[in-house]
Amino acid sequence: MIDLSSIDLVQFVTKWYGAPDQATNSATDCSHLPAPLHAWYDLAAKYSAPLMGVKRFLAPSEINLRNGKMVFLADPSDAIWGFDANDPMSVYEGRLYGDWVKVPESLQDFLVHNTLGEAVYNAPYATSCDSLENARIAEILAPMEEVSIGAWNWPDSGHRLFMGSGIVAEVGPAISDGGPLEDASGHSEVQVGAITPEAIAYLYDMPGIDWP
């Protein structure tokens, strides 16, 4: 098991997205943000390509108090994340019109978790399977090790992250008719992203799995 806190965010981003290509030392208007979030904006400002594929960080000037939390991240629907202004290292997830739930990760670990998850979908080489027998999961994850992430409710509960050399995978409940299937279905959804075609090539040699 890989300890989430042991993953260096800058090193991972540099390996995944390459060296920074923007001539800037820092993002603007971040002085009011907690240090880990400020550092994230500074890092993202050094890249012309987005470091996010699904969710979106609000511009620092857009971060406002909503129902007691400072919202800094949102997905395309109505999921939002915010930090506690009185305890900035604590992160909460919620919905635009729902209650907040505390994430079992510090802000620093949350940012690493989010970056890994986004990298799966923001990879130059990616593939997925919406419904795969759980008996096949081990061979797919063979070159990877599980990351000890905290539980989120987004996109739904039960998701796990795995990473190896130049490859990251997310495994969660299989989806049917817009919602996750029960664990008893014996199937999972798998998304794999990699930074080279060689890192992901082994998947296409597996019989009986139809990767797109």
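For reference, positions follow the sequence shown, starting with 1.
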Subject >> side chain to side chain contact (heavy atoms under 4.5 Å, CB included) assessment of Tyr204 paired with Thr127 >> reply: CA-CA 10 Å; Tyr204 299 101; Thr127 191; 3.5 Å; yes
**OP:** For Val120 and Leu161, run side chain to side chain contact (heavy atoms under 4.5 Å, CB included): C-alpha distance rounded to whole Å, both residues' side-chain angles, the deciding distance at 0.1 Å, then the answer.
**Re:** CA-CA 9 Å; Val120 177; Leu161 278 175; 4.2 Å; yes
Subject >> Phe110 and Leu73: CA distance, side-chain angles, deciding distance, side chain to side chain contact (heavy atoms under 4.5 Å, CB included) verdict >> reply: CA-CA 11 Å; Phe110 173 89; Leu73 181 66; 3.8 Å; yes
**OP:** Verify side chain to side chain donor-acceptor pair (under 3.5 Å) between Asp21 and Ser48, making sure each step is shown before the conclusion.
**Re:** CA-CA 7 Å; Asp21 62 350; Ser48 58; 2.6 Å; yes
**OP:** Determine, step by step, whether Ile80 and Glu93 satisfy the side chain to side chain contact (heavy atoms under 4.5 Å, CB included) criterion, reporting the C-alpha distance in whole Å, the side-chain angles of both residues, the deciding distance to 0.1 Å, and the verdict.
**Re:** CA-CA 6 Å; Ile80 52 177; Glu93 61 178 329; over 6 Å; no
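You'll find the side chain of Phe83 stays beyond 4.5 Å of the side chain of Ser90, heavy atoms only. Put simply, the side chain of Met163 reaches to within 4.5 Å of the side chain of Phe12, judged on heavy atoms. With contacts defined as side-chain heavy-atom distances shorter than 4.5 Å, the pair Lys55/Asn114 qualifies. Looking only at side-chain heavy atoms (C-beta outward), Lys15 and Ser165 come within less than 4.5 Å of each other. Residues Pro173 and Asp156 are in side-chain contact: their nearest non-hydrogen atoms beyond the backbone lie under 4.5 Å apart. Within the 4.5 Å cutoff, side-chain heavy atoms of Ile209 are placed close to those of Ile140. The shortest distance between side-chain heavy atoms of Leu111 and Leu37 falls below 4.5 Å. Proximity of Met89 to Gln108: side-chain heavy atoms (C-beta onward) are nowhere separated by under 4.5 Å.
With Tyr17 contributing its side chain and Ala49 its backbone, the two residues share no donor-acceptor pair below 3.5 Å. The main-chain N or O of Glu62 is found under 3.5 Å from a side-chain atom of Asn64 such that the two form a donor-acceptor pair. The closest donor-acceptor contact from the side chain of Glu118 to the backbone of Val54 lies under 3.5 Å. One N or O on the side chain of Tyr47 and one on the backbone of Gly18 form a donor-acceptor pair closer than 3.5 Å. Checked by atom type and distance alone, the side chain of Glu105 pairs as donor or acceptor with a backbone atom of Gly150 at under 3.5 Å. Using a distance-only test at 3.5 Å, with no hydrogens or angles considered, no donor-acceptor pair links the side chain of Asp78 to the main chain of Arg95. Tyr121 places no side-chain N or O within donor-acceptor distance of the main-chain N or O of Ala126, the cut-off being under 3.5 Å. For the pair Ser131 (side chain) and Ala174 (backbone), a donor-acceptor distance under 3.5 Å is absent. Between the side chain of Asn153 and the backbone N or O of Ser157, no donor-acceptor pair lies under 3.5 Å. Of the possible polar contacts, one joining the Trp100 side chain to the Asn67 backbone as a donor-acceptor pair under 3.5 Å is found.
Residue Tyr97 qualifies as open at atom OH: its count of foreign heavy atoms under 6.0 Å is 12 or below.
By the 6.0 Å and 45° rule, Lys69 does not stack over the aromatic ring of Trp81.
The nearest pair of heavy atoms linking Cys30 to His38 is CB-CD2, 3.2 Å. Nearest heavy-atom pair, Ala169 versus Leu141, reported as atom, atom and distance to 0.1 Å: CB-CD2, 3.9 Å. Across all their heavy atoms, Ala123 and Trp16 have their closest contact at CB-CZ2, 3.6 Å. Nearest approach of Met144 to Gly164, heavy atoms of both residues: CG-N, 3.6 Å. In terms of heavy atoms, Gln191 sits closest to Ser128 at OE1-CB, 2.9 Å. Smallest separation of non-hydrogen atoms from Ala151 and Pro104: O-CD, 3.2 Å.
Legend: residues meeting salt bridge (Lys or Arg N to Asp or Glu O under 4.0 Å) with Arg66, ordered by chain and number and at least two apart, are absent.
Leu107 and Met52 fall within a single hydrophobic cluster, where Ile, Leu, Val, Met, Phe, Trp and Tyr side chains are chained together by heavy-atom contacts under 4.5 Å. Neither Ile195 nor Ile167 shares a network with the other; the hydrophobic side chains, linked directly or stepwise wherever heavy atoms of I, L, V, M, F, W or Y lie under 4.5 Å apart, form separate groups for each. Val13 and Tyr125 are members of different hydrophobic clusters when ILVMFWY side chains are connected at heavy-atom separations under 4.5 Å. Both Val103 and Ile63 are part of a single hydrophobic cluster, where members link through side-chain heavy atoms under 4.5 Å apart. Taking hydrophobic clusters as Ile, Leu, Val, Met, Phe, Trp and Tyr residues chained together by side-chain heavy-atom distances below 4.5 Å, Val168 does not share a cluster with Ile200.
Taking the ring centroids of Trp154 and His159, they lie at or beyond the 6.0 Å cut-off. For Phe57 and Trp40, the gap between ring centers is short of 6.0 Å.
In this structure, CG in Asp130 is found 5.5 Å from CD in Glu189, a value given to the nearest 0.5 Å. If you take CZ on Phe162 and CD1 on Ile137, they are separated by 8.0 Å, rounding to the nearest 0.5 Å. Atom-to-atom distance recorded for Ile149:CD1 and His113:NE2 is 3.5 Å, nearest 0.5 angstrom. Atom OG in Ser106 sits 10.5 Å away from atom CG in Asp87 (nearest 0.5 Å).
If you check the side chains of Ser188 and Asn134, you find a donor sitting under 3.5 Å from an acceptor. Looking only at atom types and distance, the side chain of His187 has no donor-acceptor partner in the side chain of Glu133 under 3.5 Å away.
Met1 shares a hydrophobic cluster with no other residue; no ILVMFWY side chain has heavy atoms under 4.5 Å from its own.
Sorted by first and then second residue, the side chain to side chain donor-acceptor pair (under 3.5 Å) pairs with a member in residues 3-12 read Ser5-Asp109; sequence neighbours excluded.
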